[in-house]
Amino acid sequence: MRVAVVGAGVSGLTATKCCLDEGLEPTCFEQSQDIGGLWRYTEHIEAARPSLYPSVISNTSKEMSAFSDFPYPEDFPVFLPNAKLLDYLRRYAEHFGLRRHMKFGTTVVSIRKRPDFATTGQWDVVTEAGGKQTSHVFDALMVCSGNFSEPSLPLHCFPGIERFRGQYFHSQQYKHPDVFQGKRVLVVGLGNSGVDIAVEASRVAAKVTICTSRGAWLLTRVFDHGYPWDMVYNTRFMSLIRNNLPRLLSWRLINYKVNQRFNHENYGLQPEKSCLVREPVLSDDLPSYILTGRITIKPGVKEFKDNSVVFHNCPKEEPIDIVVFCTGYDVSFPFLEEADVKVENKHASLYKYVFPTHLQKPTLAVLGLIKPLGGIMPVIELQARWVTRVFKGLCQLPPQSVMEKEVNEKKKNKVKWFGLSFDEVLKTEWLAYMDTLASFIGVKPNVLGLLCRDPQLALTIFFGPCTPYQYRLGGPGCWEGARQAILTQWDRTLKPTRTRVPAGSHSSFPSLLAVVGFLLLLAAEQGLALSHNYVWITLTRMQQGED
């Protein structure tokens, strides 16, 4: 079975590898000259290709964002600069022999269903390389082109921008802070890129302002007791607590937790509707930069003037020289027919964020079009493992009516809880989503079964971080190194930070007992917060009854 893979970034690499694992014949088309996608930094901006700035560091730790059968080298830092992450992707490609299946400098021009698609599920693919177009026939397609190529710049939402005399650009165009030297800078948007750019700009600019209409919760990479945030937050134990509490109580606990470090309201960051789930921002610097006056937080833009801006609820004009719009990206598939992947309200309607629901044959899949609160790489890898087994007929999709009903209900629920924006519609619960895909494949770890056979491993899986190696313990694609990778995950996490500790002085990772104890203490702390909030809610209701 011949499979076309579009793009050689994170999604394209693991898609190619999963095809090989299942005995399929992949051909990966990449329009640039190398692998890496978003994570391959270039000084210049290439058309229709993601672009990042050189200081970008991953928001998820290496153990939580590794491919499930290929751990990061133990000496790599816990959170990875983009050059290190690209190095990892190159090692992955070399280890599994992926480059021989890739065609670089090749653009996918068009993809169309063949006339006999209803019976064969085949596709006509036209590519272009060196000015010459070539036609191919493939049995299946994996679209791995990502969602950071087409910047969204909704200037119509900003009255007066047409008369603004200063400079403005989308965050995709940002590379170095030199452009802000001595300038008064406005950053529109409180996402991860917006905060990163504002922090860098504040070191050279005369003044930096971030404006946000809805605020955001702020997390730091360095979490409780110095551990990486996602290794504490994304555990099966903590997920069980979060998902079995009433939604209101669950999010009151999270509000309590995120405000422990600093009160978001005092810093102008409090979300407008704190009971709604919003994507948090990862920044270790923003609070201190606000405290020292290097960055100011303002509400949304009301109007631009010639050399200034007016914010909502702020009558005074603020002089501005440069505006950076950190307003996200649009999703588009220019090489596909619109009817094959339906995009509306900047959202592609896909079953489990992967499969179009209306095709007669399930031979088209989109990877990576999702935003979980956790590492994206293991999520995409599970998507690819599931997709290749669907292509082979080893996994079956539900009937079209069932898939469409789920997509519509999920979209309705997301609108209710997250709002209509593109980023929010794609949000999902990281661990629950991965477990769902793993169940389809038959690789979800059975913690209770392991408790009888291998209690040390079972307790580590349940109380410890949900590292991707858990999905290689058994079933299709199992990896003999998975157990050891799980039991040594804290070794690889702590080694690059404990550079002053003499070798052999003591264990380089917390014992299982220490990890379990730490998490139980965290749970107890949340239990106290739960009691606190329960009392608060009860008193509030009593007061409302009196009123």
Side-chain angles (χ1 to χ4, degrees), residues 1 3-4 6 11 15 18 22 24 111-124 138-144 147 243 247 277 331-333 335-372 379-380 382-422 424-444 476:
M1 187 178 190
V3 180
V6 183
S11 302
C18 290
E22 292 293 346
L24 307 179
I111 296 175
R112 301 290 183 266
K113 293 192 291 285
R114 289 182 61 80
D116 58 355
F117 179 85
T119 55
T120 66
Q122 291 183 326
W123 300 83
D124 285 319
F138 285 96
D139 300 302
L141 298 169
M142 300 175 80
V143 176
C144 304
N147 57 345
N243 294 331
R247 184 178 293 272
V277 182
V331 57
S332 67
F333 307 98
F335 43 82
L336 287 172
E337 289 188 301
E338 189 175 343
D340 292 335
V341 177
K342 298 177 182 177
V343 178
E344 52 187 3
N345 293 327
K346 300 182 179 181
H347 172 62
S349 297
L350 302 167
Y351 176 63
K352 301 300 182 188
Y353 305 98
V354 175
F355 283 103
T357 59
H358 59 285
L359 295 180
Q360 297 150 307
K361 296 284 185 178
T363 56
L364 169 62
V366 180
L367 270 61
L369 202 61
I370 187 172
K371 288 185 175 291
V379 171
I380 296 173
L382 275 172
Q383 288 180 335
R385 293 174 69 183
W386 177 44
V387 165
T388 51
R389 293 183 69 77
V390 170
F391 287 169
K392 285 188 69 174
L394 299 174
C395 291
Q396 302 296 322
L397 297 183
Q400 178 179 338
S401 59
V402 174
M403 292 192 291
E404 288 182 346
K405 181 180 179 182
E406 179 177 316
V407 168
N408 291 331
E409 286 181 353
K410 186 169 291 188
K411 195 186 302 183
K412 219 182 308 179
N413 290 337
K414 293 295 182 184
V415 168
K416 178 180 178 182
W417 284 100
F418 294 96
L420 286 171
S421 71
F422 162 70
E424 305 302 342
V425 173
L426 292 178
K427 292 297 295 181
T428 189
E429 213 282 328
W430 185 76
L431 180 53
Y433 179 72
M434 289 205 297
D435 273 355
T436 297
L437 298 188
S439 297
F440 294 159
I441 306 167
V443 297
K444 180 182 174 182

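The structure presented is a predicted model; accordingly, all values stated were derived computationally and were not measured.
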* Working to the nearest 0.5 Å, report the span between CD1 of Ile380 and CD1 of Ile370. => 9.0 Å

* Structure fact -> Rounding to 0.5 Å, atoms CG (Leu336) and NZ (Lys113) come to a distance of 9.5 Å

* Asked: Got Lys352 and Glu406 here, is their nearest side-chain heavy-atom distance under 4.5 Å?
  -> yes

* **Residue pair Leu382 / Ile441, side-chain heavy-atom distance below 4.5 Å** => yes

* Can you find a pair of side-chain heavy atoms, one from Arg112 and one from Phe117, that are under 4.5 Å apart? -> no

* **Side chain to side chain, Phe391 and Glu22, heavy atoms closer than 4.5 Å** => no

* Structure fact -> What one should report as the nearest heavy-atom pair of Ala365 and Phe355 is CB-CE2, 4.0 Å

* Give, for atom CD of Gln400 and atom NZ of Lys405, the distance between the pair rounded to the nearest 0.5 Å. => 15.0 Å

* Asked: Of all heavy-atom pairs between Met142 and Ala15, which one has the smallest distance, and what is that distance?
  -> CE-CB, 3.5 Å

* Considering non-hydrogen atoms only, spot the tightest contact between Val341 and Pro356 and give its length. => CG2-CG, 4.2 Å

* Check whether more than 12 heavy atoms from other residues, nucleotides or ligands sit under 6.0 Å from atom NZ of Lys392, and answer yes or no. => yes

* Just by modelled atom types, is the Pro476 backbone N or O under 3.5 Å from a matching donor or acceptor in the Arg385 side chain? -> yes

* Student check: side-chain heavy atoms of Lys342 and Thr357 closer than 4.5 Å -> no

* Roughly how far, to the nearest 0.5 Å, is CG of Leu394 from CH2 of Trp386? -> 14.0 Å

* To do: Might you point out which heavy atoms bring Leu24 and Val3 nearest each other, and give the distance in Å?
  => CD1-CG2, 4.0 Å

* Report yes if some heavy atom in the side chain of Lys361 is under 4.5 Å from a heavy atom in the side chain of Leu359; otherwise report no. => no

* **Minimum-distance pair of heavy atoms, taken over all atoms of Gln360 and Ala118** => NE2-CB, 3.6 Å

* To the nearest 0.5 Å, what is the distance between CZ (Phe440) and OG1 (Thr436)? -> 6.0 Å

* To do: Take Leu397 and Val390 through the side chain to side chain contact (heavy atoms under 4.5 Å, CB included) test and state the conclusion after the steps.
  => CA-CA 7 Å; Leu397 297 183; Val390 170; 4.2 Å; yes

* Run through Thr363, Asp139, Asp340 and flag the one making a side-chain hydrogen bond (donor to acceptor under 3.5 Å, both in side chains) with Trp123. => Thr363

* **Side chain proximity check, Leu369 to Tyr353, heavy atoms < 4.5 angstrom** => no

* To do: In sequence, state the C-alpha distance, the side-chain angles, and the governing distance for Phe333 and Ile111, and then conclude on side chain to side chain contact (heavy atoms under 4.5 Å, CB included).
  => CA-CA 10 Å; Phe333 307 98; Ile111 296 175; over 6 Å; no

* Where the side chain of Gln383 meets the backbone of Gly368, is there a donor-acceptor pair that is under 3.5 Å apart? -> yes

* To do: Please round to the nearest 0.5 Å and tell me the distance separating atom CG of Leu141 and atom CD of Gln122.
  => 10.5 Å

